[in-house]
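Side-chain atoms are counted along with the backbone in the values below, which use heavy atoms only and exclude waters and symmetry mates. The first residue in the sequence is number 1, and the count goes up from there. Fair warning: this is a prediction, and the values are worked out from it, not measured in the lab.
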Amino acid sequence: MFKPIPVAIGLRYLRAKRRNGFISFISLASILGIAIGVAALITTLAVMSGFQREIRDRMLQMAAHATVTASGDAMENWQQAIAVARTDPRVAGAAPYIETQALLSAARKQGALIRGVDPVEEGKVSVLAGKMVRGKLEDLTPGSFNIVLGSELALWIGAGVGDKVLVLTDVRATPMGAVKQMKRFTVSGIFEAGYQEYDKGLAVVNLHDAQRLMRMGDGVTGVRLKMHDMDLAWEVARDLALRLKGPYLVSDWTRDNANMFRALKLEKTMMAILLSLIVAMGAFNLVSSQVMLVTDKQADIAILRTLGLTPRGVMQVFMVQGSLIGMIGTLSGVIGGIVLTLNLEHILRAIERVFDVQLMPEDVYYITGLPTQLEASDITIIAAVALVMAFLATLYPAWRAARTAPAEALRYE
């Protein structure tokens, strides 16, 4: 009795039984359409966010959060740079490195990135030692000219532990003519990062061996940094470069992999737009059910008008009723989407057991499970879009109800 008249009538229409059962069916179909669309959107975006997180985490296991490199050929004062970096409380670890492109030759040839590292310091910026499947990272001793290969790279060039690999890095011009920079290394280990870019394109050697190979003296390519908060990588690396007071180049993990993250973001956005069409279909069903409800309630509308309810009040009645249907569908979809996402791994395993199939082969996807990540921002945006669609779907039927002429509606009653 304390509700506004349009709200009270709208709630009554929502609970009342329909004389025409088809209208109730269409209303139920619109609720289910909105709920299914919202649930599908939440689950799909959670899976895509999970894959994005998995790719990022696997990539950052082997890559530094940020790098500071000299603008010239080599960084000579890298010991000072590491000492300064370690005084910053935001830095979790720092280590020198050398990187160059090279051609590796064994049974077959393949281009790869050669990275020179200090095995003792490398653990502060990556988990390479924990990714070794054969051999140990500590076998990369100075002067041994050992090399550690990614699993796919070793398979591609046909090299195993104990085999010799010829590494060709560059061609230098000398008074005697063009001279190739090459050295024969011994494979001492194989790692598997679970990320193809590294498994197929990375080889690791000792820092001192890389310096001799590249004829860099005591210089290095730069310093790799690991942060306690990787979102601060750019800011911390820039501060370090400014404190060193020299011409340095700064990069972080977001800039080094900008194209990949843009592609993932674009894919997620397009998928959200496409799946939102399911919610739009539910909204169209809501339009149909509301139009039929307005037609069915012509006499009621006429009586309300004669009792003094304004056209605006009539419009509000059907907007309230339609919006409540949209809210029920959206709330059901949000709850269903969250429950489905949290149990998606168990559902996937059940399907594999029942049909005796492997939906995500490890040798293809590198991932044995189905990663998911529910994000509050995604759920909020999806729910808001669904509610807006439902609200817009009520405008035309409500406007049509407001235009009902009492005399015409009651002529044949």
**Prompt:** To the nearest 0.5 Å, what is the distance between CG (Leu202) and CG (Leu153)?
**Reply:** 8.5 Å
**Message:** Tell me the closest heavy-atom pair linking Val223 and Ala94, and the distance in Å.
**Reply:** CG1-CB, 4.2 Å
**Message:** In the structure I gave you, are the side-chain heavy atoms of Val385 and Leu41 within less than 4.5 Å of one another anywhere?
**Reply:** no
**Message:** So that I can tick it off, tell me whether Lys131 and Glu122 are bridged by a salt bridge, with the cut-off set at under 4.0 angstrom between side-chain N and carboxylate O.
**Reply:** no
**Message:** Test your reading of the model: is there a side-chain donor-acceptor pair from His65 to the backbone of Met227, 3.5 Å cut-off?
**Reply:** yes
**Message:** I'd like to know whether Asp239 forms a salt bridge (Lys or Arg N to Asp or Glu O under 4.0 Å) with Arg90, so could you lay out the CA-CA distance, the side-chain angles of the two residues, the decisive distance to 0.1 Å, and finally the verdict.
**Reply:** CA-CA 11 Å; Asp239 291 346; Arg90 298 170 296 179; 3.0 Å; yes
**Prompt:** When rounded to the nearest 0.5 angstrom, what is the spacing between CD1 in Ile381 and CD1 in Ile42?
**Reply:** 11.5 Å
**Item:** Main-chain N/O of Gly219 paired with Gln211 side-chain donor or acceptor, under 3.5 Å
**Value:** yes
**Prompt:** Short question: side chain of Trp156, backbone of Gln110 - any donor-acceptor pair under 3.5 Å?
**Reply:** no
**Item:** Arg243 versus Thr87, side-chain donor and acceptor atoms under 3.5 Å
**Value:** yes
**Message:** Please give me the minimum heavy-atom distance between Ser30 and Gly282, naming the atom from each residue.
**Reply:** CB-O, 3.5 Å
**Complete:** Taken to the nearest 0.5 Å, the spacing of Thr269 OG1 from Met48 CE works out to 8.5 Å
**Prompt:** Does the side chain of Asp199 reach to within under 4.5 Å of the side chain of Phe191, using non-hydrogen atoms?
**Reply:** yes
**Message:** I'd like to know if the side chain of Thr330 reaches the main chain of Met327, judged simply by a donor and an acceptor atom lying under 3.5 Å from each other, with no hydrogens or angles considered.
**Reply:** no
**Item:** Electrostatic pair Asp252-Arg255, nearest N-O below 4.0 angstrom
**Value:** yes
**Request:** Looking only at non-hydrogen atoms, find the nearest pair between Thr141 and Ser144 and report the distance.
**Result:** O-OG, 2.6 Å
**Request:** Could you verify whether a donor N or O on one side chain and an acceptor N or O on the other, from Gln290 and Gln321, lie under 3.5 Å apart?
**Result:** yes
**Item:** Verdict with reasoning, Ile114 to Leu104, per side chain to side chain contact (heavy atoms under 4.5 Å, CB included)
**Value:** CA-CA 9 Å; Ile114 300 293; Leu104 277 63; 3.7 Å; yes
**Asked** Are there more than 12 heavy atoms of other residues, nucleotides or ligands under 6.0 Å from atom CG of Asp57?
**Response** yes
